[in-house]
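Pasting in a structure now, in structure tokens, and then I'll have a few things to ask.
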Protein chains: 2
Amino acid sequence: MSLSYIHVPTDCRIVTEILSQIGDKWSVQVVVQLGEGPRRFNELRRVVDGISQRMLTLTLRGLERDGLVTRTVYPTIPPRVDYELTGLGCSLLKTVRELGMWAVANRDEILEARRRYDRAEAADSAPVPKPYRAA
Amino acid sequence: MSLSYIHVPTDCRIVTEILSQIGDKWSVQVVVQLGEGPRRFNELRRVVDGISQRMLTLTLRGLERDGLVTRTVYPTIPPRVDYELTGLGCSLLKTVRELGMWAVANRDEILEARRRYDRAEAADSAPVPKPYRAA
DNA sequence: CGGAATCCTATAGGATACTG
DNA sequence: CAGTATCCTATAGGATTCCG
């Protein structure tokens with residue numbers, strides 16, 4: 001509670017670690033969906049779009065392991081399993097939304113930068129990019 | 001400028017895209033280091049710690065491509081190349097720092113959740129976890 | 001329904017050697 | 001100094017099949 005300042009080197013590793021956990025292909029999308037409320041497995045599967053069964057399982061396990069999501073099994077037939085954000089998960093969702101704001105706000109600038117870069121690079125390695133200089 | 005609200009499905013993909021670019025093994029660390037000011041190639045290499053030459057190159061190229069970093073070549077001998085955050089890069093750094101704050105603030109809770117999870121899982125698949133029940 | 005197990009491919013990333 | 005090129009391994013992730 002009395003951290004006067006944050007030690008940068010240690011800091012970076014944790015950020016990187018969190019980011020590589022959350023920065024995988026699916027975690028953010030799952031967390032955002034769970035932000036709407038508890039969801040069942042196949043409910044998530046349908047709404048996340050493109051995720052494989054296997055990856056949904058792995059993603060949820062990872063989130064559960066980090067204490068971001070709870071998994072509740074109802075031993076009925078057929079079985080029912082609910083996933084829900086924990087308090088920790090909710091707080092993460094909030095800061096992820098911040099990053100989301102940044103992403104949408106700067107999306108165009110990034111995409112244009114990419115186009116510029118790719119165009120310049122293509123011009124660089126072009127087979128015969130300079131016309132009117134016949135061999 | 002007049003986005004009344006943000007379209008969630010589109011939103012997610014961009015966030016995920018940004019996160020998987022920035023959420024790789026090195027980008028954040030490089031951006032944080034460049035937050036201190038312009039740096040030369042080998043300067044970054046020394047300070048990032050553990051990064052290979054190849055990955056530093058690739059990371060910097062990616063950041064440059066997205067318009068987050070500029071690359072300035074001084075045609076001297078020996079050559080000198082400076083990397084520096086752009087305005088876009090600085091604004092990203094700010095929001096990444098927010099996430100960093102979250103990470104350090106919740107680090108302990110996450111690590112403990114992991115230990116709990118791993119312990120429970122180990123108990124699950126333990127060879128003979130129940131003592132005092134001799135066969 | 002909610003997975004687990006298996007197989008397969010693509011990509012990330014490390015190590016090393018060479019170059020302008 | 002600041003890379004590029006090549007080779008190699010490990011991991012992510014998709015597709016498919018099987019199970020309680």
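To find a chain, count down the sequence lines: A is the first, B the second, and so on, and within it residues start at 1.
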Ion pair A/E112/A/R116, N-O distance below 4.0 Å
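Answer for the salt bridge query: yes.
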Along DNA chain C, first and last positions that approach a heavy atom of chain B under 4.0 Å
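Taking any atom under 4.0 Å from a heavy atom of chain B, the span is C/dG13 to C/dG20.
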Does A/V31 have any side-chain contact (heavy atoms from CB on, under 4.5 Å) partners at least two apart in sequence or in another chain, and if so, which?
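A/L63, A/L85, A/L93.
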Can you check the B/Q53 CD to D/dC7 C1' distance for me, whole Å?
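Those two atoms, CD and C1', are 16 Å apart.
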More 5' along DNA chain C: B/W26 or A/R40, using each one's nearest nucleotide?
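Final value for this comparison: A/R40.
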Note, B/E84 side chain near B/L34 side chain (heavy atom, < 4.5 Å)
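The answer is no, as the side chains (C-beta and beyond) never meet within the 4.5 Å cut-off.
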With axes from five pairs an end, tell me the bend angle of the helix from C/dC1-D/dG20 to C/dG20-D/dC1, nearest 10°.
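It works out to 40° between the end axes.
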Side chain A/S27, main chain A/D24, donor-acceptor under 3.5 Å:
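Not a single qualifying donor-acceptor pair exists.
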Please give me the minimum heavy-atom distance between A/A103 and B/I18, naming the atom from each residue.
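Closest heavy-atom pair between A/A103 and B/I18: CB-CG1, 3.7 Å.
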What about A/V73 and A/I77, same hydrophobic cluster or not, with Ile/Leu/Val/Met/Phe/Trp/Tyr joined at side-chain heavy-atom distances under 4.5 Å?
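A/V73 and A/I77: separate clusters.
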DNA chain D-proximal residues of residues 54-77 of chain A, any heavy atom under 4.0 Å:
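Going residue by residue through residues 54-77 of chain A, the ones with a heavy atom under 4.0 Å of DNA chain D turn out to be A/R54, A/M55.
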Residues that A/R61 engages under side-chain contact (heavy atoms from CB on, under 4.5 Å), provided they are two or more places apart
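By the side-chain contact (heavy atoms from CB on, under 4.5 Å) rule, A/R61 matches A/T57, A/E64, A/R71, A/Y83, B/Y117.
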Do A/R39 and A/L44 come within less than 4.5 Å of each other through their side chains, counting heavy atoms only?
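With C-beta onward as the side chain, the pair touches.
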Going by heavy atoms in the side chains, are B/D118 and B/R115 under 4.5 Å from each other?
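Side chain of B/D118 against side chain of B/R115, heavy atoms only: no contact under 4.5 Å found.
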Which residues pass the side-chain contact (heavy atoms from CB on, under 4.5 Å) test with A/R80, not counting sequence neighbours?
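In terms of side-chain contact (heavy atoms from CB on, under 4.5 Å), with neighbours along the sequence ignored, A/R80 is linked to A/R40, A/Y74, A/T76, A/D82.
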